Amino acid sequence: MEVTAGSGHSGESDLTSSRQACIKRVYNNNVVLAIEPDSTEVVLLGKGIGFQRRPGETVDISLADQRFVAEGLYRAPQLAGLLSDAPSDHITLAQTITELGHATLGLEPRQSLMIPVLDHLTFAVHRAREGTQIDFPLRWEVAQLYPAEAALGRQVVTLVNERLGVRLQDDEWVAFALHFVNQQWTKGDFSKTVAMTETISRVFLRLAERWGRPIDENASSAARFVTHLRYVFARAASDKQLNTSRLDVLSAVQQAYPEAAEAAWDIAALIGQAINRVITKDEISYLALHTTRLYAEMDEPR
């Protein structure tokens, strides 16, 4: 989904030019669902933008603080419902969290991050006030595989507690961290982020089984390996795999470190199964370079 902003909020362009949209539904004083002249269905968010307005009337889009266009799982009516149900301080805080993602991780301050964060924030606050606890099964994996996102997730939980006067479940940081990962690598499909996290965790378990000892996930080579796995996963999921190299890297690795080469093929199978793709030989070659580094590091004297 795209967003344009009018008064200091994250977005891609301003709304200063006069452009009219026809109101389809007024959700409350601050949220309307409208149709632009080119038939684009949009959600307009702005203080008083829906006040005393009726369906069929026109509204100047420049009056909106933010303009939302549906994408992915969030259709325009769902967006309007979410924004109209969310308290204004939740919306402001979700925007702040999005800006933190930009400042800390370099994420684009786009609606594809802000809306899922707002959605999760609203439910997390509700659970906290109701005293409801839920399970976060990927807690260990996220902490190990995505340390920067995990740190920001913890920062977000502290920020929410301070700003909203609640006590979120401590492990809520896991979900916020995954939203940050999701924005970087899978562009909005949260299920792919979960699949990627689970798959990378299985990769380390499989390597430990193959090589007869656990992998030190705090080692620099392991961190580089995780980053590379994320790139492989993102490229494969978006059908943009490497497939142009003329160098037979895999054969060289096979001769020098057969254990590492075999592991690369194994890892490619795990990734392929997770996203229903066949991993190319070029991608496996680059995987082999990283498995070689991990394997060689394990053989170094301590």
Side-chain angles (χ1 to χ4, degrees), residues 72-73 112 116 135-150 174-175 177-219 221-245 247-254 257-298:
L73 298 177
S112 53
D135 185 34
F136 290 90
L138 295 176
R139 184 178 186 277
W140 184 88
E141 288 84 351
V142 173
Q144 293 294 315
L145 300 176
Y146 317 126
E149 292 85 352
V174 176
L178 283 171
H179 282 301
F180 297 135
V181 174
N182 188 54
Q183 181 67 11
Q184 294 176 78
W185 303 102
T186 53
K187 306 303 181 187
D189 189 340
F190 197 78
S191 65
K192 289 181 180 177
T193 296
V194 173
M196 178 175 69
T197 303
E198 292 174 338
T199 301
I200 293 175
S201 180
R202 284 198 294 271
V203 164
F204 278 100
L205 290 175
R206 185 67 61 84
L207 290 178
E209 291 172 0
R210 293 186 67 94
W211 297 342
R213 66 188 107 163
I215 310 298
D216 180 5
E217 295 182 22
N218 294 315
S221 56
R224 287 191 296 268
F225 185 50
V226 169
T227 298
H228 183 70
L229 288 174
R230 291 164 72 170
Y231 276 119
V232 172
F233 201 103
R235 284 195 298 266
S238 59
D239 296 318
K240 296 179 181 178
Q241 293 188 66
L242 301 175
N243 200 22
T244 58
S245 176
L247 299 176
D248 193 358
V249 177
L250 197 55
S251 293
V253 173
Q254 181 71 48
Y257 292 97
E259 298 87 350
E262 291 167 6
W265 283 102
D266 203 359
I267 292 166
L270 287 173
I271 295 174
Q273 290 166 8
I275 57 175
N276 195 30
R277 299 287 194 281
V278 175
I279 306 304
T280 66
K281 187 176 180 180
D282 281 341
E283 291 288 5
I284 298 171
S285 294
Y286 282 100
L287 280 171
L289 291 177
H290 287 273
T291 54
T292 298
R293 180 175 290 173
L294 278 176
Y295 188 79
E297 186 176 88
M298 290 176 63

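Along the sequence shown, residues carry numbers from 1. Not measured: the values here are computed from a predicted model.
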Fill in the blank from the handout: To the nearest 0.5 Å, atom CZ of F233 lies from atom CG of L270 at 11.0 Å

Practice task
If a pair satisfies side-chain hydrogen bond (donor to acceptor under 3.5 Å, both in side chains) and one of its residues is in residues 262-272, list it, with sequence neighbours excluded.
Solution key: R206-D266, R210-E262, R210-D266

Handout entry: Heavy-atom closest pair, residues V253 and L289
Key = CG2-CD2, 4.2 Å

Completion exercise
Distance col, row H179:NE2 vs Q184:CD, nearest 0.5 angstrom, shows 13.5 Å

Exercise for the section: For residues Y295 and A260, report the shortest heavy-atom separation together with the two atoms involved. Expected result: CB-CB, 4.4 Å

Problem - Least distance between heavy atoms, Q254 atom then A261 atom - result: OE1-CB, 3.3 Å

Problem - Aromatic plane relationship, H228 with Y286 - under 30° parallel, 30 to 60° tilted, over 60° perpendicular - result: tilted

Problem - Close side-chain approach of Y257 and T291, heavy atoms under 4.5 Å - result: no

Handout entry: Residues that D239 engages under salt bridge (charged side-chain N to carboxylate O under 4.0 Å, His left out), provided they are two or more places apart
Key = R277

Practice task
State, yes or no, whether a side-chain contact exists between N182 and V194 at a heavy-atom distance under 4.5 Å.
Solution key: no

Exercise for the section: Enter the distance from L205:CG to R202:CZ here, rounded to the nearest 0.5 Å. Expected result: 9.5 Å

Handout entry: Minimum-distance pair of heavy atoms, taken over all atoms of L145 and S201
Key = CD1-N, 4.0 Å

Handout entry: Heavy-atom pair of closest approach, residues T199 and A195
Key = OG1-O, 2.7 Å

Exercise for the section: Determine whether I200 and Y146 make a side-chain contact, defined as any pair of heavy atoms from C-beta on separated by less than 4.5 Å. Expected result: yes

Exercise for the section: State, with a plain yes or no, whether a side-chain heavy atom of V142 is found less than 4.5 Å away from one of F136. Expected result: no

Practice task
Check whether any side-chain heavy atom of M196 lies under 4.5 Å from a side-chain heavy atom of R230, and answer yes or no.
Solution key: yes

Practice task
Please examine the side chains of L229 and I271, heavy atoms only from C-beta on, and report whether any two atoms are closer than 4.5 Å.
Solution key: yes

Exercise for the section: Run the numbers on Q241 and D282 for side-chain contact (heavy atoms from CB on, under 4.5 Å), then give the verdict. Expected result: CA-CA 8 Å; Q241 293 188 66; D282 281 341; over 6 Å; no

Handout entry: Non-hydrogen side-chain atoms of I267 and L207 separated by less than 4.5 Å
Key = yes

Problem - Interatomic distance, T197 atom OG1 to Q144 atom CD [nearest 0.5 angstrom] - result: 12.5 Å

Problem - Distance in Å, E283 CD paired with K281 NZ, rounded so as to fall on 0.5 Å steps - result: 14.0 Å

Fill in the blank from the handout: Nearest heavy-atom contact between A150 and A143 is CB-CA, 4.2 Å

Problem - F225 and I215, any side-chain heavy atoms less than 4.5 Å apart - result: no

